[in-house]
Amino acid sequence: MSTITEISEFLQKGKAKDVKALVQQALDDNEDPKAILNDGLLSGMSIIGEKFKNDEVFVPEVLVAARAMNAGLSILEPKLIEVGNEPVGRVVIGTVQGDLHDIGKNLVAMMLKGAGFEVVDIGVDVEPATFLEEAENNNADLICMSALLTTTMPNMEATISLLKEKGVRDKYIVMVGGAPVNESFAEEIGADYYTPDAATCAEVAKEAVLAK
Ligand code: B1M
């Protein structure tokens, strides 16, 4: 079994220490960090997601898998990030109110850092007013919102409505994403961009800031 396949297997079992060690081993063996991410960590998490959907595993198993994912990401992060000197812009990023999923949001934050952004990560379960306050206080160029639950997606719209209400909507580039979000939803709620994954989000964010 290859080290990358082992990473996926151990992640599914929630073995954080092993995942961490295997990611380090894969890096030492000069494996491509993107392959470690996509074919190891994300592949393992996607299998857990399928099993969760089919009631083959439950919240505790998903939680330990998520912990193992974060352990692997902590080793991988410096390899995925190569920051230039001048920040491209400043981003405030968070998972919307009612939503505790942070793995995707963390990946997006990581890729944005890698693209040269200064990233203010305001965590999970972020109320619309907090997005507004943090964006204003940090003089942000972009607001990035992540949602993983169909029930929390409307809180993206609530945040945009609040920005409009306070007359500051046009100050910010608003980007949305997360598994249940799509292009037409983004258009419907008045976001500037929807992107399907972390790498595309970072690319589009850079283009958007440079074009502004
Ligand atoms: Co949750 N969960 N979960 N969960 N969980 C999902 C999302 C679910 C699809 C599982 C399922 O049923 N198949 C389902 C949602 C169903 C729905 O709404 N339609 C679900 C549910 C129901 C729940 C609970 C309600 C379960 C319960 O308690 N009964 C509960 C809700 C808690 C809450 O938030 N209030 C819950 C809890 C949890 C855990 C805490 C156990 C854990 C989260 C741990 C953590 O994040 N620290 C968890 C997990 C891990 C998942 C799954 C298995 C994996 C999510 C993940 O991290 N994926 C997930 C099933 C799945 O997605 N297959 C599931 C890996 C991550 C890299 O992908 O976040 O999609 P993702 O990010 C992607 C893209 O979406 C994109 O970039 C990333 C890839 O590059 N992206 C953006 C994300 N944000 C972006 C922002 C952007 C651009 C791109 O621009 C700003």
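All ligand and atom numbering here is 1-based and tracks the order in the structure.
Atom 67 (C) of ligand 1 is approached by the protein to below 4.0 angstrom, counting heavy atoms only. Put simply, atom 8 (C) of ligand 1 has no protein non-hydrogen atoms near it, under 4.0 Å away. For atom 74 (C) of ligand 1, a protein heavy-atom neighbour is present inside the 4.0 Å cut-off.
Of the candidates E50, M69, H101, E61, the one placing a heavy atom closest to atom 4 (N) of ligand 1 is H101. In this comparison of A199, A198, C201, the heavy atom closest to atom 79 (C) of ligand 1 sits on A198. When I143, T150, I103, L41 are ranked by how near their heavy atoms come to atom 57 (O) of ligand 1, first place goes to I103. The closest non-hydrogen atom to atom 53 (C) of ligand 1, taken over G49, C144, G44, comes from G49. Scanning G178, A186, G98, A66 for the heavy atom closest to atom 82 (C) of ligand 1 points to G178. Between the choices I47, L63, L100, N38, the shortest heavy-atom distance to atom 33 (C) of ligand 1 belongs to L100. Looking at K53, K105, K51, it is K53 that brings a heavy atom closest to atom 13 (N) of ligand 1. Around atom 42 (C) of ligand 1, the closest heavy atom drawn from I93, V204, V62, V57 belongs to V62. Of the candidates Y194, F52, F58, Y193, it is F52 that places a heavy atom closest to atom 26 (C) of ligand 1.
Contact analysis leaves A147 out of contact with ligand 1, as no non-hydrogen atom separation drops below 4.0 angstrom.
By the criterion of a heavy-atom distance under 4.0 Å, the side chain of L42, and not its backbone, is placed next to ligand 1. Contacts between L107 and ligand 1, counted as non-hydrogen atom pairs separated by less than 4.0 Å, involve the side chain only.
At the shortest separation from atom 28 (O) of ligand 1 among protein heavy atoms lies V59 CG2, 4.0 Å.
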